[in-house]
Amino acid sequence: MYCNTSKTLLILFLIVSQAIICQENQSLKINDSYYITSTFETNSTLTYFGKKINSSLNIHKQDVIIKISNIIGDSVIFQYWKFKIPQKKDSSRAINNNIAFFKDTTERLLYFYLPKKNFENLTTKYFPKFKGAVAGFYSVPFKLRFNDFDFEQNLNLGLNIGFQYRFSKKIEGRWIIEPNIGFGISKVNLDENNSNVTENRSASAFSATVGVILRVTNTINLGAFLGKDFLGKNDLGTNWQYNKKTWLGLGLNVGFSVNDRKKGTDIKNTVNKDGN
């Protein structure tokens, strides 16, 4: 029964993962945002299509946020983000709030140009706060039962869906918080101490979880999960004391696969709460 259920979860995972789009592409793309890592100069302002408006020296300072508006051949046409002028003066952010870099006096949008190679050397991608949704298998190898603080180890297999948020928009794959929900099948142990069985045996239970994962790096994840196990109908007569009771699960994932990293494999797309 457990094997058949695992196959069902695998099929379900494949269906769900196809419905969730989560892509990471390092190539330059129109509408992606970047922040300037080194101050540089340009000598002209352009239109969206790269046509020169006028010749003028523009100094683009470090930490300013810009957006790729167009890519023409080996040229990157970029535009400033529009910032509101703050009430309190802050010289360190003045360039970010300089509306003159966004529009000219005739309300015409301003664009600037850099060769692709220069753009890649002088900027770093500025990521959105919401990284995306992910789906994957999970397992919780250890459970702390709250009603008598029993620390239990059992086999748990399930599917979860998580929503990833970055702590910093300047960091792609590290320091990510991921709230998630999951469900699956657990193998629970029945004995005379936790049920009314006369002989020790195992049973299957449906598990539902909510949790949060902290992705410190691409290879180190920490997780905490709350869940409940619902014993199958055929085993309800055993009066298992943990049925529908809340438990706490903790997980640590540490990976060391160099080959996987070279191939671009990232554990962020498969949530393994016990590191397997």
Side-chain angles (χ1 to χ4, degrees), residues 1-24 127-147 150-167 172-188 203-233 235-236 240 242-255 265-276:
M1 177 181 176
Y2 193 83
C3 181
N4 292 334
T5 304
S6 299
K7 291 180 180 179
T8 302
L9 287 172
L10 175 59
I11 295 173
L12 183 59
F13 164 70
L14 294 175
I15 295 174
V16 174
S17 61
Q18 290 297 317
I20 296 179
I21 300 175
C22 181
Q23 59 182 10
E24 295 289 342
F127 300 96
K129 193 73 173 178
F130 179 59
K131 188 174 186 296
V134 294
F137 285 117
Y138 74 90
S139 60
V140 181
F142 301 104
K143 297 177 181 178
L144 176 62
R145 304 284 183 180
F146 284 122
N147 46 329
D150 182 30
F151 198 60
E152 182 181 80
Q153 179 179 4
N154 56 31
L155 182 60
N156 191 100
L157 179 63
L159 170 71
N160 85 337
I161 299 174
F163 304 91
Q164 300 183 339
Y165 297 87
R166 295 182 173 91
F167 283 105
E172 179 184 9
R174 296 178 289 112
W175 294 109
I176 294 171
I177 192 76
E178 180 190 313
N180 58 74
I181 56 175
F183 58 91
I185 299 296
S186 296
K187 180 181 179 182
V188 299
S204 296
F206 174 81
S207 296
T209 65
V210 294
V212 61
I213 296 175
L214 174 63
R215 301 188 179 277
V216 181
T217 70
N218 283 340
T219 54
I220 300 178
N221 305 322
L222 304 173
F225 316 94
L226 290 175
K228 289 185 178 183
D229 293 330
F230 301 83
L231 205 59
K233 183 177 179 180
D235 296 306
L236 287 177
W240 184 48
Y242 301 126
N243 190 39
K244 301 180 182 179
K245 303 295 184 182
T246 303
W247 50 260
L248 171 67
L250 300 175
L252 170 64
N253 183 327
V254 180
T265 301
D266 193 336
I267 58 175
K268 65 176 176 292
N269 292 323
T270 302
V271 182
N272 294 315
K273 297 178 182 174
D274 65 343
N276 294 324

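Given the structure is predicted, the values throughout are model-derived calculations rather than measurements.
- From F146, atom CZ reaches atom CG of L226 across 5.5 Å, with rounding to the nearest 0.5 Å.
- Note: N221 CG to T219 OG1 = 8.0 Å, rounded to the nearest 0.5 Å.
- Every ring-ring contact (aromatic ring centres under 6.0 Å, His included) that Y165 has, sequence neighbours left out, goes to F130.
- The one candidate from L250, I181, I213, L248 that meets the side-chain contact (heavy atoms from CB on, under 4.5 Å) condition with F225 is I213.
- Counting heavy atoms from C-beta on, the side chains of L236 and F230 never come closer than 4.5 Å.
- No donor-acceptor pair under 3.5 Å is formed between the side chain of S186 and the backbone N or O of V188.
- In this structure, R174 and V216 have side chains that are not in contact, with every pair of non-hydrogen atoms separated by 4.5 Å or more.
- To the nearest 0.5 Å, atom OG of residue S204 and atom CG of residue L231 are 8.5 Å apart.
- A donor-acceptor contact shorter than 3.5 Å links the side chain of K129 to the backbone of R166.
- Listed by first and then second residue, the salt bridge (charged side-chain N to carboxylate O under 4.0 Å, His left out) pairs involving residues 217-230 are K143-D229, R145-D229 (not counting sequence neighbours).
- Across G173 and N218, no two heavy atoms sit closer than the pair O-OD1, 2.9 Å.
- Without hydrogens or angle criteria, N180 side chain to E178 main chain gives a donor-acceptor distance under 3.5 Å.
- Sparse packing is recorded around NZ of K233, with 12 or fewer heavy atoms of other residues, nucleotides or ligands lying under 6.0 Å away.
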Report task. Show your reasoning for whether side-chain contact (heavy atoms from CB on, under 4.5 Å) applies to N160 and F183. Result -> CA-CA 6 Å; N160 85 337; F183 58 91; over 6 Å; no
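- Every residue was checked against the side-chain hydrogen bond (donor to acceptor under 3.5 Å, both in side chains) condition with N243, not counting sequence neighbours, and none meets it.
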Requested in this report: Would you please test I177 and W175 for side-chain contact (heavy atoms from CB on, under 4.5 Å) and show each step?
Outcome: CA-CA 7 Å; I177 192 76; W175 294 109; over 6 Å; no
